[in-house]
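As structure tokens, the structure follows; a few thoughts come after it.
The analysis underlying the following values was restricted to heavy atoms, covering all of them including side chains, and did not include hydrogens, waters or symmetry mates. All values reported here derive from a predicted model rather than from experimental measurement. Every chain is numbered from 1 and lettered A, B, ... according to where its sequence line falls, protein lines coming before strand lines.
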2 protein chains.
Amino acid sequence: MKPAAARRRFELFLKERKLRVTQQRLDILDLAWETHDHFSAEQMFGWARVRNAHASRATVYRTLNLMLEGRFLSSFEASSGAALFEHALGHNHHDHILCLKCGKIEEFHCDAIEKLQEQEAQRLGFQLVDHALILEGHCASCSSTDEL
Amino acid sequence: MKPAAARRRFELFLKERKLRVTQQRLDILDLAWETHDHFSAEQMFGWARVRNAHASRATVYRTLNLMLEGRFLSSFEASSGAALFEHALGHNHHDHILCLKCGKIEEFHCDAIEKLQEQEAQRLGFQLVDHALILEGHCASCSSTDEL
DNA sequence: TTCGTTGCAAACCTTTTGCACTACG
DNA sequence: CGTAGTGCAAAAGGTTTGCAACGAA
């Protein structure tokens, strides 16, 4: 989804839920669409600050959660404990693999894994709603330069 | 691993690392082996309190981390944000599926998924160290009684 | 005008840490 | 005895919340 389209859909989303279209909400959406990287709530707060977008930390958190509910963003837990967000691009769902040394994050998608997850859930009588898969290891450049 | 064996191995582990075998450490190990359920640090603190095991919250956290390092326990992140622990029984590695309504936790293991994770990591040039897979959904009894 | 939203700071929750005291080896 | 471990309370890190002021509809 392109920035303009995202913004339009976000406004619609807000109106459908009878929520107000505020400058802060739009600014945060725009900022989220300006990076192709994963970002934390704190980073977003910093960007807003730098860009005079005037959103308080509380509003940043509230808006990120709102965008999560509307599936404008997805998030996963970094090993630090903080949540990392990324905008939904209309891309297929993907999972993440983190380098434990340099912190690099790569995305991957594997249909076979998804199908097997669904199968396992069914086998256990669960109706699958969501899943979180995070792989951790050493990336190519980090493992080429280490002994440990 | 049975309680007695766990305790013996834990004492060995401590001695190998030149750490002291304290009453608190043994009590916490015993308590961990008294449940077949997943437990949080706070729960363990409560048990210790009730049982006069006299371990402070700080000691509980420190000891749980120690047992994690020694692979006496494994842990994963509950959706609440708190870590859930379970004793290592010598069982094979397994993943978890949580019911979003009643909180029930089931374990499962799927070799095919593990292999595919390894493949994906290799494909991306990563040397896989660990992974976390958590499925979330509605369990059989919760999905039979709901409309949502 | 009205009610949802914001900003601030305080509260929260989980986990870690500094330091004086305790106890294992 | 000497040093690692413990308990306490305070700090830390991330996120949520209560409430008065603000602003979109």
Length of the line joining [X]:[atom1] and [N]:[atom2], which is rounded to integer Å:
X: B:Lys15; N: C:dC24; atom1: NZ; atom2: C1'; result: 11 Å
X: B:Arg17; N: C:dG25; atom1: CZ; atom2: P; result: 16 Å
X: A:Ile28; N: C:dT5; atom1: CD1; atom2: C1'; result: 12 Å
X: B:Glu77; N: D:dG13; atom1: CD; atom2: P; result: 17 Å
X: B:Leu66; N: C:dT16; atom1: CG; atom2: P; result: 13 Å
X: A:Asn65; N: C:dT5; atom1: CG; atom2: C1'; result: 15 Å
X: B:Leu84; N: C:dT15; atom1: CG; atom2: C1'; result: 14 Å
X: A:Glu11; N: C:dT5; atom1: CD; atom2: P; result: 14 Å

Would you give a per-nucleotide map of nucleotides 5-12 of chain D, 5' to 3', where B means the base has a protein non-hydrogen atom under 4.0 Å away, S means only the sugar-phosphate does, and - means neither?
-> SBBB----
Presence of B:Tyr61 side-chain N/O under 4.0 Å of C:dT15 phosphate oxygens OP1/OP2 | yes
Does atom CZ of B:Arg123 have more than 12 heavy-atom neighbours, drawn from other residues, nucleotides or ligands, at distances under 6.0 Å?
-> yes
CZ/A:Arg17: more than 12 non-hydrogen atoms of other groups inside 6.0 Å = yes
Which nucleotide in the list C:dT15, D:dT15, D:dA25 gets nearest to the side chain of B:Ala83?
-> C:dT15
Parallel, tilted or perpendicular: ring planes of [X] versus [Y], cut at 30 and 60 degrees:
X: A:His131; Y: A:His93; result: perpendicular
X: B:Phe10; Y: B:Phe13; result: parallel
X: A:Phe39; Y: A:Phe85; result: parallel

Determine yes or no for a side-chain-to-main-chain donor-acceptor pair under 3.5 angstrom, with B:Arg25 supplying the side chain and B:Arg20 the backbone.
-> yes
